[in-house]
Visitor: 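Here it is, the structure, as structure tokens.
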Amino acid sequence: MGIKTALPKSELYIYTAVLSLALLWAGSWIIENVKPGWHYFGRKMDASDFEWVMWFTTFRNHILFALSGHVIFAKICSMVSPKNRSLIYMLYGSLAVLITMGWTYITLILSHCIILYSVALVKRKWLCFVAGLTSLATFKMEPFNTWQEGFVTGSFDLQDVLFYGGCGFSIMRCMSFALENCEKKDGNYSFIDLIKYNFYLPFFFFGPVMTFDRFHEQANNPNLTRKEREMWNITIHALVHLGAILVVDVFFHFLYILTIPSDLKLLKQLSDWSLAGLAYSNLVYDWVKSAVMFGVINTVSRLDHLDPPQPPKCITMLYVFAETHFDRGINDWLCKYVYDYIGENHDAIFKELLATICTFSVTTLWLGPCELVYIWSFFNCFGLNFELWVAKFFSLPPFSTIERNLMSEAMSRRIRGLFNAVNFWQIILYNVLALNSLGFAQLVTKRLLLKGFPLSTLSVLFVTYCGVQLIKERERRQALLDDPEPVPPPEEGKQKAE
């Protein structure tokens, strides 16, 4: 059944009321239990998220200085020589990396670029993958990563993050370059094209990854005219992200979303609803953090007339594994070169299984092989395939016949909503173990599925079901706006009469 299937308005009002009451009840429980000792001023800050603290507290001024310098320098030089702006971006980025990390780091990055460029000239995709993944493995596995890190002299707090971030993203960009070069029919891209692509400063250390074909086309476009109200939209987005930074910083400071799950003794005293809300809050927090951090980078790149990967889709809007990601750049890279390439239309069970195994194998290497990453990859790979298996199973007779002939479209949407509600919590539980800890994920799972059954389990699923239906309604309305119903052609008799 199509996404344009509508439910009765009265039913949607009920879903809204149930969801609102559930949120109010959960909020009242929190307020009641944080009264003792809860003071907004003078309260110690939750510093468990190193990435957020690094970006917006410890190294905020350094990052702002580097990005501001890029914006000013790039703008002036782009006005003087718009045709050479990609070269100017590369020169500024290389200089910034050189000053920050030293000449040995630049040499290390260039050595990997030279190797992967040489492989790209052969124009064999499998060879590009082997060489690229091998290079990536040298930064993710012992003893190669420690050996290469030893070439970088000096020591400061941010060095490890910048080292592995810059190296990892550089390899992914080099692989994109090599794979796009394989698709180029006439000749090869030059080495300077790879260097301009890799040393674009806003993307260099922290991403997102923008595939080479898109970057090359946009960065070398001499037409720098903007669409109507484009600068206004960029300004609004920048102000929104500034407001989001303040809100997230307040929540991170006072709510202890990441610290509380580390105390298992405290967690065991919480109610089932509190644990469920805490697990959900962990994913929402990580999504907001990713959206804000990538939003800052994207604002800078949009000033450079680029169209960067968008922030990840809100976790609240996710009820299928196929749309689950926290880094749209890496997700786009994986989909283009691995998942969609092998899985094609994602309709065949065996091809989908092979595509997901290959995709999560690369993802495991990208995240760094360890027990927690193995578990996360296995469950998300299973979830993605399980969706297809269930869809295939219910597309067979007699289920397909019942749905087509005996069931209304509204009822079909309700039944699909039940499956989506279960799927939503699979996504929460499968991903919270990577964002927090395996022990926290196990505790939430036991409380919701075993100890809390049936009251907590069914009530949480019912509230989730109401939320899913409201999300589906929003998607339905958006689909109608994006693709309205075609106007039927006039009848033949009327055409002749006219």
Side-chain angles (χ1 to χ4, degrees), residues 49-52 54-56 165 168-169 172-173 176 202-203 205-211 214-215 233-234 236-238 240-245 247-249 251-252 257-258 279-302 306-340 356 359-360 362-364 366-367 373 376-377 379-381 383-384 387 420 423-436 467-468 471-472 474-475 478:
D49 190 338
F50 168 78
E51 197 171 26
W52 182 266
M54 174 194 72
W55 262 81
F56 299 107
F169 281 111
M172 299 300 279
R173 286 188 287 265
S176 177
F203 294 165
F205 287 113
F206 304 111
V209 174
M210 189 175 180
T211 55
R214 296 181 58 211
F215 180 88
N233 292 332
I234 292 175
I236 293 299
H237 276 90
V240 168
H241 285 119
L242 179 60
I245 289 172
V247 171
V248 174
D249 205 48
F251 284 176
F252 183 50
I257 295 173
L258 300 183
Y280 168 72
S281 299
N282 266 252
L283 266 73
V284 170
Y285 168 76
D286 196 77
W287 167 76
V288 174
K289 181 186 73 173
S290 300
V292 168
M293 291 169 58
F294 287 131
V296 172
I297 296 297
N298 288 357
T299 300
V300 175
S301 60
R302 289 179 67 190
L306 298 180
D307 182 20
Q310 296 302 305
K313 188 174 181 180
C314 178
I315 185 64
T316 307
M317 310 294 286
L318 296 177
Y319 52 84
V320 291
F321 277 90
E323 297 181 357
T324 304
H325 57 267
F326 293 92
D327 184 337
R328 196 182 292 268
I330 292 295
N331 182 75
D332 292 347
W333 192 102
L334 289 168
C335 286
K336 180 173 185 178
Y337 300 122
V338 185
Y339 185 58
D340 292 339
T356 51
T359 299
F360 281 100
V362 176
T363 306
T364 299
W366 164 251
L367 295 174
V373 174
W376 174 86
S377 294
F379 279 113
N380 279 274
C381 183
L384 200 54
E387 283 181 347
N420 293 146
N423 222 28
F424 180 88
W425 277 101
Q426 286 188 85
I427 293 172
I428 296 290
L429 296 175
Y430 291 172
N431 286 278
V432 77
L433 63 89
L435 297 177
N436 204 287
V468 167
I471 294 167
K472 282 177 170 286
R474 179 182 180 276
E475 292 176 345
Q478 187 63 44

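Please read these numbers as outputs of a predicted model, since none were measured by experiment.
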Visitor: Contact between M293 and F206 at the side-chain level, heavy atoms closer than 4.5 Å - yes or no?
Guide: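 No, too far: nothing below the 4.5 Å cut-off.
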Visitor: Once you round to the nearest 0.5 Å, how far does CG of L429 lie from CG of L283?
Guide: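 Reported to 0.5 Å precision, the distance equals 9.5 Å.
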Visitor: Is it true that a side-chain atom of N431 and a backbone atom of I427 form a donor plus acceptor pair closer than 3.5 Å?
Guide: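 Here the side-chain-to-backbone pair exists.
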Visitor: Show your working on side chain to side chain contact (heavy atoms under 4.5 Å, CB included) between L435 and Y285 and close with a plain yes or no.
Guide: CA-CA 10 Å; L435 297 177; Y285 168 76; over 6 Å; no
Visitor: Between L306, D307, V209, which is the residue that forms a side-chain contact (heavy atoms from CB on, under 4.5 Å) with F215?
Guide: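 One option only clears the test, and that one is L306.
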Visitor: Do R173 side-chain atoms and F203 backbone N/O form a donor-acceptor pair below 3.5 Å?
Guide: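 Yes.
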Visitor: I'd like to know if the side chain of R328 reaches the main chain of P309, judged simply by a donor and an acceptor atom lying under 3.5 Å from each other, with no hydrogens or angles considered.
Guide: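 No.
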Visitor: Taking all non-hydrogen atoms of both residues, which atom of I297 and which atom of P208 are closest, and how far apart?
Guide: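 Here I297 and P208 meet closest at CG2-CD, 3.9 Å.
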Visitor: Given side chains that start at C-beta, do those of V247 and V288 come closer than 4.5 Å, heavy atoms only?
Guide: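 Not touching, per the 4.5 Å side-chain cut-off.
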Visitor: Do W366 and F360 have their ring centres less than 6.0 Å from each other?
Guide: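 No, ring centres 6.0 Å or more apart.
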Visitor: So, for E387 and N423, which heavy atoms are closest and what is the spacing to 0.1 Å?
Guide: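 Heavy atoms only, the tightest pair is OE2-ND2, 2.5 Å.
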Visitor: If we only count heavy atoms from C-beta on, is the H237 to N298 side-chain gap below 4.5 Å?
Guide: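 H237 does not reach N298 side chain to side chain.
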Visitor: Would you name the heavy atoms of G207 and F294 that are closest together and state the gap between them?
Guide: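 The answer is C-CE2, 4.2 Å.
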Visitor: Are V338 and W333 close enough that some pair of their side-chain heavy atoms sits under 4.5 Å apart?
Guide: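 They are in side-chain contact.
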Visitor: Nearest 0.5 Å please: distance from the OG atom of S281 over to the CG atom of N436.
Guide: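 Rounded to the nearest 0.5 Å, the OG-CG separation comes to 11.5 Å.
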Visitor: Please check if the side chain of N282 supplies one atom and the backbone of I257 the other of a donor-acceptor pair under 3.5 Å.
Guide: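 Judged by distance alone, yes, a pair lies under 3.5 Å.
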Visitor: Are any of the side-chain heavy atoms of L384 and N380 separated by less than 4.5 Å?
Guide: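 They are not in contact (no side-chain heavy atoms under 4.5 Å apart), so the answer is no.
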Visitor: Applying the ring-ring contact (aromatic ring centres under 6.0 Å, His included) test to F321, which of Y339, F379, Y430 qualifies?
Guide: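 With F321 as partner, Y339, F379, Y430 yield a single ring-ring contact (aromatic ring centres under 6.0 Å, His included), made by Y430.
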Visitor: Can you check whether P312's main-chain N or O pairs, donor with acceptor, with W287's side chain at less than 3.5 Å?
Guide: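 The answer is yes, because a donor-acceptor pair under 3.5 Å joins these two groups.
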Visitor: Considering only heavy atoms from C-beta outward, does the side chain of V468 approach that of K472 to under 4.5 Å?
Guide: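 Of all side-chain heavy-atom pairs linking K472 with V468, at least one is under 4.5 Å.
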Visitor: So do P308 and V300 actually touch side chain to side chain, heavy atoms under 4.5 Å?
Guide: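 Side chain of V300 against side chain of P308, heavy atoms only: no contact under 4.5 Å found.
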Visitor: When rounded to the nearest 0.5 angstrom, what distance separates CG in D332 from OH in Y337?
Guide: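 Rounded to the nearest 0.5 Å, the CG-OH separation comes out at 10.0 Å.
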